[in-house]
Amino acid sequence: MLREMRNYRLLWAGGLILLLGFAAAALCLGQYRIAPAAVLRALAGAPGVPPNDRTVIFKVRLPRILLAMLAGCGMAVSGATFQSLFSNPLATPDTLGTANGASFGAALGLLLGLPALGVQLFALVFGIAAVALVFLVTAEGGSGRRSMMMVILAGMVISALFSALVSLIKYAADPQDTLPAITFWLMGSLSGTTFRSLLFGAPLIMAGTLLLWLLRFRMNTLSLSEDEARSLGLNLPLVRGLVIGASAAVTAAVVSLCGVIGWVGLLVPHLVRMAVGNDNRRIIPASMVAGALFLLVVDTAARCAAKAEIPVSILTSVIGAPLFILLLRKTGGIRA
């Protein structure tokens with residue numbers, strides 16, 4: 001216990017310092033290099049910064065860095081929450097079909113020729129609608145009572161349904177224009193992020209993540225039966241509903257802003273759990289910092305590794321899969 005608490009403090013404090021340091025470094029890195037002194041002067045509002053440097057810092061890199069940290073934080077926390085809620089080490093933020101629902105919404109928006117904000121709105125609405133469908137399907141006789149197994153199975157079905165609808169959209173799309181746009185969007189990318197697009201989805205990510213952080217003291221009891229939870233004075237259906245709703249909202253908002261980015265919500269919580277133990281009071285805050293740092297590093301590598309930017313979801317998969325295999329080899333199996 002003492003070792004896990006020490007690891008938690010080191011991970012939280014050290015991760016936060018690394019996150020801030022790497023965010024500052026990311027402002028300098030890229031195909032267009034900017035001197036650290038110029039970055040500091042631009043952030044301080046001092047004169048003498050070249051207009052091109054100022055434009056790249058404030059209109060290109062700063063919103064992208066903020067989105068990388070928000071998205072990584074939100075997906076890691078959502079993944080840790082679902083792994084605890086369903087007692088399943090393979091649970092991810094898309095367990096209930098949120099990402100596939102949002103993908104269908106974005107693909108439909110692109111097919112209809114909507115502007116960027118319209119595509120984001122469609123993705124957000126359909127991502128939340130996917131979870132609403134899961135709740136609707138799993139309600140027993142209108143009583144609102146649900147078993148977690150039914151929720152998982154319904155989520156798999158709804159996810160498969162929206163995946164099929166995405167394939168249908170791609171089949172109907174213009175192969176010369178619309179289909180490449182849909183395919184690239186589904187790969188996941190943080191390019192093109194602006195403060196205007198951040199204002200659309202960032203508040204929902206922050207609100208959902210904050211709610212999950214506030215509920216972290218209750219998450220250790222989510223695997224209890226309703227009778228056991230009631231004996232402890234806990235309204236288990238309400239807490240489960242709040243946790244699922246907040247996680248789904250965060251996932252839908254992230255996907256609406258940057259497409260589908262895998263492995264963050266699966267890999268990061270496992271790495272954190274190995275370091276700090278199974279207590280959600282430590283896992284949730286540590287996952288916030290570790291997820292933000294992981295996606296920021298990967299996104300910076302994606303835009304610096306080659307002249308043509310690599311979709312960030314490709315790098316998360318290339319990095320995540322081998323790391324997950326190493327974790328399995330080291331632990332002989334990972335427990336949620």
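As the structure is a computational prediction, the values presented were derived from the model and not from experiment.
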side-chain contact (heavy atoms from CB on, under 4.5 Å) between Arg282 and Val272, worked out: CA-CA 9 Å; Arg282 297 192 296 267; Val272 169; over 6 Å; no

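- With contacts defined as side-chain heavy-atom distances shorter than 4.5 Å, the pair Leu27/Ile65 qualifies.
- The CG atom of Leu266 sits 11.5 Å away from atom CG of Leu323, with the distance rounded to the nearest 0.5 Å.
- No continuous path of hydrophobic side-chain contacts links Leu121 to Ile169 [ILVMFWY only; heavy atoms under 4.5 Å].
- Listed here is the closest heavy atom pair of Gly265 and Pro93: CA-CD, 3.8 Å.
- In this structure, Phe122 CZ and Ser256 OG are separated by 13.0 Å, a value rounded to the nearest 0.5 Å.
- Nearest heavy atoms, Ala290 versus Val268: CB-CG1, 3.7 Å.
- Ring geometry, Phe126 versus Phe104: the interplanar angle exceeds 60°, so the pair is classed perpendicular (tilted spans 30 to 60°).
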Steps toward side-chain contact (heavy atoms from CB on, under 4.5 Å) verdict (Ile261, Val254): CA-CA 9 Å; Ile261 300 175; Val254 169; 5.7 Å; no

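- Residues Leu110 and Trp185 are in side-chain contact: their nearest non-hydrogen atoms beyond the backbone lie under 4.5 Å apart.
- For Arg9 and Trp12, the positive end is not near the middle of the six-membered ring at less than 6.0 Å and at most 45° from its axis.
- For the pair Ala173 and Leu111, the tightest heavy-atom approach, listed with the atom from each and the gap, is CA-CD1, 3.8 Å.
- Side-chain contact check for Tyr32 and Asn52: no donor-acceptor pair (N or O, by modelled atom type) lies under 3.5 Å.
- A donor-acceptor contact shorter than 3.5 Å is absent between the side chain of Thr98 and the backbone of Asp94.
- Although no hydrogens or angles enter the test, the distance criterion places no donor-acceptor pair under 3.5 Å between the side chain of Asn280 and the main chain of Ser84.
- Leu133 CG to Ile128 CD1: the interatomic distance, rounded to the nearest 0.5 Å, is 12.5 Å.
- Side-chain contact between Leu198 and Leu66 is present, with at least one heavy-atom pair separated by less than 4.5 Å.
- Side chains of Arg33 and Cys28 form no contact here, defined as non-hydrogen atoms less than 4.5 Å apart.
- Under the 4.5 Å side-chain heavy-atom criterion for grouping Ile, Leu, Val, Met, Phe, Trp and Tyr, Ile325 is not connected to Leu315 through any hydrophobic cluster.
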Side chain to side chain donor-acceptor pair (under 3.5 Å) between Ser163 and Asn100, worked out: CA-CA 6 Å; Ser163 179; Asn100 280 339; 4.7 Å; no

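- More than 12 heavy-atom neighbours from other residues, nucleotides or ligands sit within 6.0 angstrom of CZ on Arg41.
- Between Val312 and Leu190, the closest side-chain pair of non-hydrogen atoms falls below 4.5 Å.
- The shortest heavy-atom contact between Glu309 and Ser191 is OE2-CB, 3.7 Å.
- Other residues, nucleotides and ligands contribute over 12 non-hydrogen atoms within 6.0 Å of the CZ atom of Arg303.
- Among the candidates Thr95, Leu90, Leu96, Asn88, the single residue satisfying the side chain to side chain contact (heavy atoms under 4.5 Å, CB included) test with Thr92 is Thr95.
- Within the 3.5 Å criterion, the main-chain N or O of Ala91 finds a donor-acceptor partner in the side chain of Gln83.
- Judged purely by atom type and a 3.5 angstrom limit, Ser287 uses its side chain to pair as donor or acceptor with the backbone of Ile283.
- Residues Leu62 and Leu40 do not share a hydrophobic cluster, clusters being chains of Ile/Leu/Val/Met/Phe/Trp/Tyr side chains in contact below 4.5 Å.
- At distances below 3.5 Å, at least one donor-acceptor pair connects side-chain atoms of His270 with backbone N or O atoms of Pro89.
- Residue Asn278 holds its CG atom at 6.0 Å from CZ of Arg273, rounded to the nearest 0.5 Å.
- Panel note: side chain Thr138, backbone Met150; no donor-acceptor pair is recorded below 3.5 Å.
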side-chain contact (heavy atoms from CB on, under 4.5 Å) evaluation trace for Val243 with Arg240: CA-CA 5 Å; Val243 164; Arg240 283 176 175 169; 5.8 Å; no

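- The hydrophobic cluster containing Ile314 also contains Leu295, counting ILVMFWY residues as joined when their side-chain heavy atoms lie under 4.5 angstrom apart, directly or transitively.
- With contacts defined as side-chain heavy-atom distances shorter than 4.5 Å, the pair Thr251/Met75 does not qualify.
- Between the side chain of Arg216 and the backbone N or O of Trp213 there is at least one donor-acceptor pair closer than 3.5 Å.
- Shown here for Gly201 and Ala253, the closest heavy-atom pair between the two residues is O-CB, 3.8 Å.
- Using a 4.5 Å cut-off between side-chain heavy atoms of Ile, Leu, Val, Met, Phe, Trp and Tyr, with links allowed through other members, Leu43 and Leu19 fall into the same hydrophobic cluster.
- Atom CZ of Phe200 sits about 7.5 Å away from atom CG of Leu257, to the nearest 0.5 Å.
- When all heavy atoms are compared, the tightest approach of Phe217 to Arg281 is CD2-CD, 3.3 Å.
- In this structure the side chain of Thr81 reaches within 4.5 angstrom of the side chain of Ile284, judged on heavy atoms.
- Looking at Lys59 and Arg54, their side chains never come closer than 4.5 Å, going by heavy atoms from C-beta outward.
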side-chain contact (heavy atoms from CB on, under 4.5 Å) between Ser103 and Phe162, worked out: CA-CA 8 Å; Ser103 297; Phe162 278 110; over 6 Å; no

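- In this structure, CG on Leu271 lies 9.5 Å from CZ on Phe324, to the nearest 0.5 angstrom.
- Put simply, the side chain of Arg64 never gets that close to the backbone of Thr193: no donor and acceptor are under 3.5 Å apart.
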